[in-house]
Amino acid sequence: MPRFFVTGQPENGLLTLRGEDAHHAGRVLRLRPGEAVTLCDGAGTDYDCTVASVEKETVTCRVQDSHPAVTEPRQQLTLCMALPKGDKMDFIVQKAVELGVHKIIPYVSQNCVSRPDKTEKKVERWRKIALEAAKQCGRGRLPEVCAVVMAEQAMARAAQSETALFFYENERETGLHDVLQHGVGSTVSLVIGPEGGFAPEEAALAAQLGLKSVSLGTRILRCETAPIAALAAVLYAGGNM
Ligand code: SAH
C-alpha cells in the first residue's frame, strides 16, 4: 500500500498531498480515485484513505479510518552519537531510523576528529536522510535529528530518560545483557562515543550524571557498528523486534 507523510490534520475528512509527494502519487504511481493509500502525520497516527481526486499539483485523499501507527516501537529510544569522521553519520542516521529510533542527538566529545563547525548544513542533510529512511521503512513517526551539542549537554539530556546507557569500551564489569535482563524503561537513551573512544573525564561525568556504564562485549566495535548493535539489542529485549 502506498504510504506518505502529511502535515496537518484532516479537514472535512480530507488530507492533501502536495509537491513531490503529489507528483509521486499522481504521476509515478498513477493512483486513481478510489484507490487505497495510507497517510501518516509523522507523529504516530496513520490514516487509511482512498484517493478522492488527482489534480496537477495535488492529490486529495478521503480519510476512512485512523489508528496509531503499527510500525512504531513501544520504547522511545534516543541515540546520543558522537560525531564520527567523514560521512559515517549518514549511515548511522539511516540505520537508526530503520531500527526505530525516536530521536538522534549528535554531539562533540574530546576525541572527536570531526570539528563542530558548519554543522547546520550537516544537520539539514541528516534530517533529509532521516525523512527518506522513515518513508522507505514505513515509520509512523518522523524521528527528530537535533542540532549538534557538546558531550556534557548530550549526557545531561540522556540522563532524563528512565534508562540512560553509556556504552563504554573500557567497561569490564557490566554487560548490556546484565542491564537488559532486569528490564528497561519505556524511554531509553544510548550514548555512543567517537572513533577515539571516551576520555576518562567523560566516563566520570557520565557516572556522576547517573548514566549506566555498559559493555557491548569483549570486542571493540567501530563507532558506526556500536549504535546499530546497541539499538537492536535494546529493541529485542523490549519485545520490539
Ligand atoms: N578507540 C577506542 C574504541 C572506540 S569505539 C578503543 O580502541 O578503545 C567507538 C564507540 O563505540 C565507543 O566509544 C563506545 O561508545 C562504543 N563501543 C565500541 N565497542 C564497544 C564495546 N565493546 N563496549 C561498549 N561500547 C563500545
Side-chain angles (χ1 to χ4, degrees), residues 75-116 119 122 126 129 143 145-146 148-185 187-238 241:
Q75 293 160 299
Q76 276 195 6
L77 305 181
T78 297
L79 172 64
C80 298
M81 185 70 218
L83 288 190
K85 284 190 216 162
D87 56 8
K88 278 185 198 168
M89 190 69 173
D90 292 5
F91 173 84
I92 296 168
V93 168
Q94 186 187 60
K95 300 306 160 207
V97 170
E98 288 171 34
L99 283 164
V101 80
H102 182 79
K103 191 185 284 187
I104 298 174
I105 305 178
Y107 71 90
V108 178
S109 66
Q110 277 190 37
N111 295 336
C112 277
V113 176
S114 179
R115 293 327 305 164
T119 53
K122 286 186 186 165
W126 298 330
I129 291 171
V145 180
C146 301
V148 177
V149 295
M150 299 309 290
E152 298 72 19
Q153 290 163 286
M155 288 196 219
R157 285 168 73 177
Q160 291 167 6
S161 297
E162 282 173 55
T163 305
L165 303 173
F166 181 76
F167 289 88
Y168 191 28
E169 60 277 7
N170 293 335
E171 174 59 46
R172 298 281 172 268
E173 309 236 304
T174 311
L176 179 57
H177 178 259
D178 301 322
V179 174
L180 295 180
Q181 69 178 344
H182 295 113
V184 289
T187 57
V188 184
S189 285
L190 303 89
V191 182
I192 308 280
E195 286 89 351
F198 285 112
E201 309 87 279
E202 289 169 333
L205 176 66
Q208 206 182 321
L209 289 168
L211 274 58
K212 181 88 196 137
S213 173
V214 287
S215 160
L216 276 169
T218 48
R219 291 167 304 282
I220 299 291
L221 307 180
R222 289 199 179 224
C223 65
E224 65 271 36
T225 313
I228 298 169
L231 284 166
V234 173
L235 285 161
Y236 179 76
M241 265 192 159

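We count ligands from 1, going down the list as the structure has it; atoms in each ligand are counted the same way. Remember, it's a predicted structure, so these values are computed and weren't measured experimentally.
For ligand 1, the polar-atom distance check against R219 finds a nitrogen or oxygen pair separated by under 3.5 Å. The shortest N/O to N/O separation between V191 and ligand 1 does not fall below 3.5 Å. Checking only distances, I192 never comes within under 3.5 Å of ligand 1, N or O to N or O. Polar contact with ligand 1: absent for C223 (N/O pair, distance under 3.5 Å). When only interatomic distances are considered, the shortest N/O to N/O separation between E169 and ligand 1 falls below 3.5 Å. The distance criterion of under 3.5 Å between nitrogen or oxygen atoms is not met by N170 with respect to ligand 1. Residue G217 has at least one nitrogen or oxygen atom sitting less than 3.5 Å from a nitrogen or oxygen atom of ligand 1, judged on distance alone.
Nearest non-hydrogen protein atom to atom 7 (O) of ligand 1 is I220 CG2, 4.3 Å. Among all non-hydrogen protein atoms, the one lying nearest atom 14 (C) of ligand 1 is F167 O, 3.2 Å. In terms of protein heavy-atom proximity, atom 10 (C) of ligand 1 is closest to G193 O, 3.5 Å.
Aromatic ring pairs are classed by plane angle as parallel below 30°, tilted from 30° to 60° and perpendicular above 60°; the pair F198 and Y107 is parallel.
In this structure the side chain of H177 never reaches within 4.5 angstrom of the side chain of L180, judged on heavy atoms. When side chains are defined from C-beta on, I104 counts as touching M89, because their heavy atoms get closer than 4.5 Å. In this structure the side chain of P84 reaches within 4.5 angstrom of the side chain of E195, judged on heavy atoms. With a 4.5 Å cut-off on side-chain heavy atoms, M241 and L99 count as touching. Counting only heavy atoms from C-beta outward, the side chains of F167 and V214 approach each other to under 4.5 Å. By the 4.5 Å heavy-atom criterion applied to side chains, C146 and K103 are counted as neighbours.
When the options G175, P194, A226 are ranked by their closest heavy atom to atom 9 (C) of ligand 1, first place goes to P194. Closest heavy-atom approach to atom 21 (C) of ligand 1 within the set L216, V214, L190, N111: this belongs to L216. For atom 18 (C) of ligand 1, the nearest non-hydrogen atom from the set L165, T225, L221 comes from L221.
Of the candidates V149, L211, I105, M155 forms a side-chain contact (heavy atoms from CB on, under 4.5 Å) with just one, namely L211. Of the residues listed (T187, L77, L190, V188), the one engaging S161 in a side-chain contact (heavy atoms from CB on, under 4.5 Å) is T187, and it is the only one.
Interface of G197 with ligand 1, defined as ligand atoms under 4.0 Å from a residue heavy atom, comprises 1 (N), 4 (C), 13 (O). Contact atoms of ligand 1 toward S215: 23 (N), 24 (C) (distance under 4.0 Å to a heavy atom of the residue). Per-residue contacts place F198 under 4.0 angstrom from the following atoms of ligand 1 (heavy atoms of the residue considered): 13 (O), 15 (O). In the vicinity of E195, heavy-atom distances shorter than 4.0 Å reach the ligand 1 atoms 1 (N), 2 (C), 3 (C), 4 (C).
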Side-chain donor-acceptor contacts of residues 216-230 below 3.5 Å, not counting sequence neighbours, with atom names and distances?
none

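Smallest separation of non-hydrogen atoms from V184 and Q75: CG2-NE2, 3.4 Å.
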